[in-house]
Amino acid sequence: MSDTQSMGDPFVRFEKVQKSYDGEILVVKDLNLDIAKGEFLTMLGPSGSGKTTCLMMLAGFETATHGQIYLGKDPINDVPPHKRGIGMVFQNYALFPHMTVAENLAFPLEVRNMSKNDIETKVKRALDMVELGIFGNRMPAQLSGGQQQRVAVARALVFEPDLILMDEPLGALDKQLREQMQYEIKHIHERLGVTVVYVTHDQAEALTMSDRIAVFNDGVIQQLSSPSDLYERPQNSFVAQFIGENNKLSGKIKAVSGDVCTIELDGGGGTVEALAINIGAKGEQTTLSLRPERIEINPDKGSVPNTLKGKIEELIYLGDHVRTRMSVSGNSDFIVKVPNTHGHKLLKEGETAIVGWMTEDCRALDSLPST
Amino acid sequence: MVDATINNGNKSDGLLTDDGQSLKAKLALATRRNKTKAFLLVAPLLFFIVITFVWPIGVMLYRSVNSPQFTNAFSSTAVVIKDWDGQGLPSEEVFTAFVADMVQARKDRTIGKAGTRINYELPGTRSLFTGTARKAKKLEAPFKESLIAVNEKWANPEIWAAVKRLSSRYTLSFYLASLDLKYDKSGEIVTQPEDRQIYVTLFLRTFWISGLVMLFTILLGYPVAYLLSVLPLRTSNLLMIMVLLPFWTSLLVRTTAWIALLQREGIINDVLVFIGVISDENRIQMIYNQAGTIIAMTHILLPFMVLPLFSVMKTIPPSYMRAARSLGATQFTAYTRVYMPLTLPGIGAGSVLVFILSVGYYITPALVGGRTGTLISNVIAGHMQQSLNWGLAAALGALLLASVLVLYWFYNKIVGVDNMKFG
């Protein structure tokens, strides 16, 4: 986490934060997280991983059992939600159903005792920003899901907070609309330069929108890095498995020399080399992580250092590539993506083939209990 | 397909199916089976409602304007008195018919009913009718003079004015009486003398007490419903049972429990005397007056407010309040500007329920109301059971029904029935 230290003064800082609801189980375990001003940070994780709890603590709806949260330089544990000045977009938008769209947007300005004129101009500007200028007099129920979503975003932005929290805001939309809204939110963030903390369980959403992603599991941040690092350089097996598609092979560490280690595979496939990222001592178990698109089928001899024999179990034609399920070294769910390029290799189910990869593309991580 | 399109263009009665029949007729045929089935399913309830609800209300409305007791007994008088102009005394012809009717009525034993009926119009005339009827057989022409000889009250034109009014089978006099009005001797509508004005006061008191009970149930029920809606399910279920428990207890038991608590020698007074707040001589009168009625009715009707409120509050997600807080509203502002308006449908439904139920409340005010806490329904019951003036009881009941409908109409105008949620 060297990049967080070089950030200078963080805008939001979680310091040794712990949270328990029942006094027995820690939902959030010792969380340390710095968020820079203007950053788009996503908290990503399966449900129950503690990400929403963190967001609620930041918003002020939950209190940290231990530790302190800072906004700017001020500790905010004892600041009530309405004094934090944080905009929030809720999972189901939480637009007030008895107010029109314009009244919804005016609400945060009215409670701040702004003048009527100011309110009118700001509401109009916010509505224009999300391209809903003509919908001011509609009731929220008369809008489509996507329009409601935009109103919710506009309402969180209209009082010009420096920090916006979004709690799975796109979860209720269909796929196409979700992708469109991802870009819109991203563009609004770039245009206004606000800091956004975004919670989702959808990794594609996280990869598309974020500057940095914090992957949560079991109340702990498993990895905090940029989307590309997260995908290409996962630090542990959970992250490798959670982000994107992953092939795992388990084995025993035979030798370590510098960055590279030699692994003897459990399935009797033989010995391969991998990058030593997160491993124990010699003789201990490890899990290798391999992205399906980095594997070559029937490579030219000598072109890749690591090769294994496998049996082709299933071929699924997906247009741009052929998804090939193989059994390799005891793993019958070993996926290889064969690109549908001109003159690509023709494969048949039931055939035996060689799979090969570069040592840099195979990462030896902590051992997962085999499933 | 082409034919159908052409038909469609030429015929004005809509689309046609392939075999040339109207689509509407076909559809009606296809849905008739389902409609019949649905009707058969509701038929028993419909039948029950018609027998036990529509019919009795119809009878009641009819009774409130129908008064045949007098014309049944004095049918020939009723015919001839129509020609009387109301000046002085009627002609001898009327007196002749009257005495003949009286003789017949005594024989048929209908004179008592007729006397009772005319007594409503002109108090104190029942005995005049029954007393004269005993001697009617012996009367001789000219009947005008001989009747007056029996009792000089027969020379009073007011009696004949009343007889003329009753010569029609249909009358508004019950409604007039319900509104503390009456016909004077010239047939004009005038207010009752002050010592006989009771019903308007009672109507107003009924609405006033119902309004207070409604207000108190809102004040007491709102926090309870809110608590129920935010507590975890297990606790809220327990609380809900406690709310409903009075529901399952007999109304009589609950009302008498209040008597035990509130009476002069009751628990509350005893405790107050014991801790020295009041002296033994100055025990507070909390029951057998309006206070007693209001306290007991508020308690009994509370569940009718809590349940609709609860069912509305349960559907308000906590994220609305959170959104309001995060947008900068204090707890109080968030509550009054976001939460309260969203519970209005529940308040509306609960208020209508409680108000309409209290307007017709009978047992509780009868037991704990005393003189000042009696409601209109107690008087209606009195006319049904004691004075046996069913016509007046029916008119009072019809007015009560009408006023509830008017209030409901107003409520619908202001709040909108569609905004109401009963749960």
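Computation of the quantities below employed the complete heavy-atom set of this structure, encompassing side-chain atoms and omitting hydrogens, waters and symmetry-equivalent molecules. Proteins come first, then strands; the chains are lettered A, B, ... in the order of their sequence lines, and each starts at number 1.
Ring orientation note: the planes of Tyr198(A) and Phe40(A) are tilted relative to one another, at an angle of 30° to 60°. Using cut-offs of 30° and 60° for the angle between ring planes, the Tyr411(B) and Tyr408(B) rings count as parallel. Aromatic ring orientation, Phe90(A) versus Phe61(A): tilted (interplanar angle from 30° to 60°).
The part of Leu95(A) that comes within reach of chain B is its backbone (N, CA, C, O), which places non-hydrogen atoms under 4.5 angstrom from that chain. Residue contact with chain B, scored on non-hydrogen atoms closer than 4.5 Å, is absent for Arg84(A). Contacts of Glu110(A) with chain B are made by side-chain atoms alone, with heavy-atom separations under 4.5 Å and no backbone atom involved.
Proximity of Gln149(A) to Arg178(A): side-chain heavy atoms (C-beta onward) are nowhere separated by under 4.5 Å.
For Thr343(B) and Tyr222(B), the side-chain atoms include at least one donor-acceptor pair closer than 3.5 Å.
Comparing Pro317(B), Ser319(B), Pro318(B) by heavy-atom pairs within less than 4.5 Å of chain A, the highest count is held by Ser319(B).
Checked against a 6.0 Å centroid threshold, the rings of Phe247(B) and Phe304(B) count as neighbours.
Of the candidates Asp167(A), Leu33(A), Ile164(A), Leu55(A), Leu55(A) is the only one forming a side chain to side chain contact (heavy atoms under 4.5 Å, CB included) with Val197(A).
Contacts with chain A (heavy atom to heavy atom, under 4.5 Å) involve these residues of residues 321-328 of chain B, listed by number: Arg322(B), Ala323(B), Ala324(B), Arg325(B), Ser326(B), Leu327(B), Gly328(B).
Side-chain atoms of Lys19(A) come within 3.5 Å of backbone atoms of Thr63(A) as a donor-acceptor pair (strictly under, hydrogens ignored).
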